[in-house]
Amino acid sequence: MSIFQSLNTTASALTAQRLRMDVISANMANVDTTRAKIVDGKWEPYRRKMVVMEPKETFSSFLNVAMNRQQVGNGVRVTKIIEDRTPFKLVYDPSHPDANEEGYVQLPNVDPLKEMVDLISATRSYEANVTVFNATKGMLMKALEIGK
């Protein structure tokens with residue numbers, strides 16, 4: 001793996017983790033949103049969103065590794081952002097404008113504690129990748145100094 005490939009791999013991880021943090025912050029911002037979209041003619045609360053990532057490797061990259069042409073390590077990519085299909089929370093509040101006939105309000109399926117754990121995980125991963133990026137940059141600088 002070339003040193004520039006290492007930078008590309010780390011950059012892809014930084015981009016993916018940044019998107020993950022953005023999605024988590026959107027979830028936290030909508031923790032009380034009871035009217036996010038209309039489904040079957042009725043307002044539905046906000047649904048928690050999650051980022052799905054996968055390695056950039058393809059069959060051809062593994063074939064090239066097997067034939068000793070290149071090494072694996074092409075980074076990560078976000079394939080999609082999915083909605084969490086867990087049921088909404090029901091809270092009894094007959095005075096709420098979105099309460100049903102029995103007085104229950106559907107609240108988003110966002111758990112702030114779960115979101116904070118995910119945010120800490122994404123932040124730590126981002127920080128680790130920044131450390132890798134800076135170490136690679138330092139190696140490149142030292143290599144340039146050798147030529148002086």
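Predicted, not measured: the structure shown is a model, and the values here were computed from it. Computation of the quantities below employed the complete heavy-atom set of this structure, encompassing side-chain atoms and omitting hydrogens, waters and symmetry-equivalent molecules.
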### Task
For Ser95 and Asp93, test the side chains for any donor-to-acceptor distance below 3.5 angstrom and give the result as yes or no.
yes

### Task
Verify side chain to side chain contact (heavy atoms under 4.5 Å, CB included) between Ser12 and Arg77, making sure each step is shown before the conclusion.
CA-CA 7 Å; Ser12 73; Arg77 68 174 173 218; over 6 Å; no

#### Entry: Atom pair NZ/CG of Lys42 and Asp40 - distance to nearest 0.5 Å
8.0 Å

### Message
Regarding Arg18 and Asp22, does a basic nitrogen lie under 4.0 Å from an acidic carboxylate oxygen?
### Response
yes

### Query
How long is the gap from CE on Met28 to CG on Asp111, to the nearest 0.5 Å?
9.0 Å

### Query
Between Gln106 and Leu90, is a side chain to side chain contact (heavy atoms under 4.5 Å, CB included) present by the stated rule, with each step listed?
CA-CA 5 Å; Gln106 283 187 325; Leu90 286 177; 3.6 Å; yes

#### Entry: Electrostatic pair Arg85:Glu83 at N-O distance under 4.0 angstrom
yes

### Query
Does the Lys89 side chain pair with the main chain of Val110, one donor and one acceptor, at a distance under 3.5 Å?
yes

### Query
In terms of hydrophobic clustering (I, L, V, M, F, W, Y; side-chain heavy atoms under 4.5 Å; direct or indirect links), are Val130 and Leu119 co-clustered?
yes

### Linked, directly or transitively: Val52 and Met50 (ILVMFWY side chains, under 4.5 Å)
yes

### Task
Drop me the distance from Lys80's NZ to Glu54's CD, to the nearest 0.5 angstrom.
9.0 Å

### Task
Supply the members, apart from Val132, of the Ile/Leu/Val/Met/Phe/Trp/Tyr cluster built from side-chain contacts under 4.5 Å; use none for a lone residue.
none

## Note on the structure
When rounded to the nearest 0.5 Å, the distance separating CE of Met53 from OG1 of Thr79 is 9.0 Å

### Query
Do the side chains of Ile24 and Val31 join up, straight or via other hydrophobic residues, at under 4.5 Å, putting them in one cluster?
no

### Message
What I want to find out is whether Lys49 reaches Asp84 closely enough, with some N-O distance under 4.0 Å, to be called a salt bridge.
### Response
no

### Summary
By side-chain contact (heavy atoms from CB on, under 4.5 Å), Ala36 pairs with (sequence neighbours left out) Thr33, Tyr46

### Query
Honestly curious: do Leu14 and Met21 fall in one hydrophobic cluster under the side-chain, below-4.5 Å linking rule?
yes

### Message
Listing request: all side chain to side chain donor-acceptor pair (under 3.5 Å) pairs with a residue in residues 131-142, at least two apart in sequence or in separate chains.
### Response
none

### Query
Are Phe88 and Leu107 connected, step by step, through hydrophobic side chains (Ile, Leu, Val, Met, Phe, Trp, Tyr) whose heavy atoms are closer than 4.5 Å?
no

### Summary
d(Thr86 OG1, Arg47 CZ) to nearest 0.5 Å is 7.0 Å

### Query
Any sub-3.5 Å donor-acceptor pair from Asn109's side-chain atoms to Arg48's backbone N or O?
yes

#### Entry: Apart from Trp43 itself, residues in the same hydrophobic cluster as defined by side-chain heavy atoms under 4.5 Å
Ile38

### Query
Can you find a heavy atom in the side chain of Asn129 that is under 4.5 Å from one in the side chain of Glu127?
no

### Task
Specify the closest pair of heavy atoms between Pro108 and Pro45, including all atoms of both residues, with the distance to one decimal.
N-CB, 3.9 Å

### Spatial distance of atom CZ (Arg20) from atom OG (Ser121) [nearest 0.5 Å]
4.0 Å

### Task
Could you list the residues that satisfy side-chain contact (heavy atoms from CB on, under 4.5 Å) with Val117, not counting sequence neighbours?
none

#### Entry: N/O donor-acceptor pair under 3.5 Å between Thr10 side chain and Leu7 backbone
no

### Query
Excluding sequence neighbours, so at least two apart, what forms ring pair (Phe, Tyr, Trp, His ring centres under 6.0 Å) with Tyr104?
Tyr92

